[in-house]
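To start, the structure under review is shown below, and the notes come after it.
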Amino acid sequence: MTVTHWVLAIRIVNRTLGFGMSFLAVRLASEGTPVSTIGLFMALFGAMTIPSRLLGGVLADRFGNRTAAALGLGAAGMAQLAVSVAHDPRLLFAAILLLGLAYEIVEPATQAAVADDAQTDELASQFALLWAAVSVAGILAGLLAALLLPVGVWALFLVDGLGSLLAAGLAWAVLPAQRRADNADPQVNWLHVWTRPLVTWTAVATLYATQIMVVVFMLPLAVSADGLPAWLAGVVLAVSAAGAMASQPVLRILRSNARRTDTWILVAGHLSLALAVGLWATGTVYGYLAGAVVEGVAGAALIGTYQATAARLAPPGHTASTLATVGLCWGAAAVIAPALAGPMLLLGTRPLWLAVGQPASCRPRW
């Protein structure tokens with residue numbers, strides 16, 4: 001098996017048994033946290049993911065992708081177990097902050113492992129393949145969440161923690177142990193990757209990331225606010241993952257044959273996202289399920305393109321730091337999204353989803 005295949009296996013294990021971030025707000029609510037403060041707590045969680053991702057990039061470039069991935073997954077697993085068993089609101093809040101600090105360490109390491117293993121013209125397809133693998137895991141994870149939620153959201157985080165620890169062991173066992181690429185410039189450190197093109201691309205990606213983080217954090221609460229059963233949120237996540245997986249062959253053909261592929265895939269992806277949240281705004285079971293399919297296709301089109309563009313901007317030997325830098329858009333979005341979406345949800349789910357859809361319907365100009 002190639003390095004990319006092992007990374008896919010690690011992420012499948014991690015995501016199949018570790019899909020609980022979408023239910024952090026529900027976990028807080030289960031311990032009596034007022035809805036008005038959940039958004040603030042989730043914003044603080046998002047703030048912790050910013051140094052987490054940067055730390056992951058630095059660790060991967062200095063000590064190797066294997067060490068960074070295993071450390072990040074192991075720390076996240078311990079934090080998830082703490083989220084599962086904590087009942088005192090202060091302890092639960094502390095556990096969530098620790099989870100935020102550990103949660104993103106694995107991302108730069110696994111993404112860099114895939115990028116370093118791929119040819120330049122295959123980057124978008126390889127990142128799309130990584131997203132497809134996560135989507136395969138998401139189908140199982142969504143169904144697992146639907147089964148565990150009736151038991152209690154704490155049970156979901158218990159399984160999450162065990163899954164992350166299992167993935168950490170797999171990462172240590174199978175990923176290469178090298179510390180730094182042979183062609184790395186020793187005079188270049190992680191600060192040198194902050195070039196103007198990369199900073200600009202990170203800023204562009206932040207709007208899209210904010211839209212997605214609203215979905216991640218607010219979907220379970222929105223489903224409940226619409227008077228629909230709690231298990232539907234898990235099914236929606238599984239259907240979205242199925243849509244992402246099913247779209248991969250078509251996207252691969254488009255990338256290999258179309259002219260100006262990246263531009264048109266980005267345009268089509270953003271318009272699809274607008275359609276998806278518009279369907280969710282109907283507040284019906286069928287609307288959520290149909291929107292989930294479209295949202296999955298949009299994610300498969302957009303995420304691989306954003307990541308591939310960032311990877312092409314990396315100096316030799318500093319892929320992880322570069323991907324960690326552009327990945328800051330997700331940390332910023334994790335702060336912005338709940339802070340804005342929490343109060344908006346109090347107005348109803350339709351204003352929430354329509355607000356997400358408006359920027360998605362605009363043609364991206366970059």
Side-chain angles (χ1 to χ4, degrees), residues 19-30 35-36 38-39 42 134-136 138-153 156 208-247 250 268-303 333 337-338 340-362:
F19 212 55
M21 191 176 73
S22 296
F23 297 92
L24 280 173
V26 179
R27 179 70 181 101
L28 285 166
S30 71
V35 175
S36 59
I38 287 178
M42 296 306 298
V134 173
S135 300
V136 170
I139 296 174
L140 300 176
L143 297 176
L144 183 62
L147 292 174
L148 290 174
L149 283 174
V151 178
V153 70
L156 184 62
Y208 168 64
T210 300
Q211 294 166 319
I212 295 304
M213 294 310 292
V214 170
V215 175
V216 169
F217 285 134
M218 295 299 162
L219 178 63
L221 293 177
V223 167
S224 297
D226 280 326
L228 302 173
W231 54 262
L232 178 63
V235 175
V236 167
L237 294 173
V239 171
S240 174
M245 181 179 63
S247 67
V250 175
H270 279 278
L271 291 175
S272 298
L273 178 59
L275 174 61
V277 295
L279 290 168
W280 287 347
T282 64
T284 65
V285 172
Y286 295 114
Y288 272 106
L289 293 177
V293 175
V294 180
E295 192 274 335
V297 174
L302 292 169
I303 290 180
L340 295 179
M344 192 171 296
L345 185 59
L346 297 176
L347 302 176
T349 58
R350 181 169 295 180
L352 173 68
W353 295 132
L354 292 180
V356 173
Q358 286 303 312
S361 65
C362 300

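Residue numbers run from 1 in the order of the sequence given. Values below: all heavy atoms of this structure, side chains included; hydrogens, waters and symmetry mates excluded.
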Handout entry: Closest heavy-atom pair and its distance - Leu352, Met344
Key = CA-SD, 3.8 Å
Handout entry: Side-chain heavy atoms of Leu302 within contact of His270, under 4.5 Å
Key = yes
Practice task
With sequence neighbours excluded, tell me which residues meet side chain to side chain donor-acceptor pair (under 3.5 Å) with Ser224.
Solution key: none
Handout entry: Sub-4.5 Å side-chain heavy-atom contact between Trp280 and Val356
Key = no
Problem - Heavy-atom pair with the smallest gap, counting every atom of Gly243 and Val297 - result: O-CG2, 3.6 Å
Practice task
Flag the pair Phe23 / Leu237 as yes when at least one side-chain heavy-atom distance between them is below 4.5 Å, and no otherwise.
Solution key: yes
Problem - Spacing of Leu221 atom CG and Thr349 atom OG1 [to the nearest 0.5 Å] - result: 11.5 Å
Problem - Separation between OG1 of Thr284 and CG of Leu228, rounded to the nearest 0.5 Å - result: 7.5 Å
Problem - Distance-minimising heavy-atom pair for Ala244 and Ala300 - result: O-CB, 3.8 Å
Practice task
Measure the CD-CG distance between Glu295 and Leu275 for me, rounded to the nearest 0.5 Å.
Solution key: 11.5 Å
Handout entry: Flag, side chain of Ser240 to backbone of Val236, donor-acceptor distance under 3.5 Å
Key = no
Practice task
Any chance you could measure Leu345, atom CG, to Leu340, atom CG, to the nearest 0.5 Å?
Solution key: 13.0 Å
For a quick test of your reading: what N or O donor-acceptor pairs under 3.5 Å do the side chains of residues 212-219 make, sequence neighbours left out?
none

Problem - Residue pair Leu232 / Leu289, side-chain heavy-atom distance below 4.5 Å - result: yes
Fill in the blank from the handout: Minimal heavy-atom distance between Pro220 and Ala233, with the atoms involved, is CA-CB, 3.9 Å
Practice task
Go through the structure and list residues passing side chain to side chain donor-acceptor pair (under 3.5 Å) with Tyr288, not counting sequence neighbours.
Solution key: Asp226, Trp353
Problem - Minimum-distance pair of heavy atoms, taken over all atoms of Gly269 and Ala301 - result: CA-CB, 4.4 Å
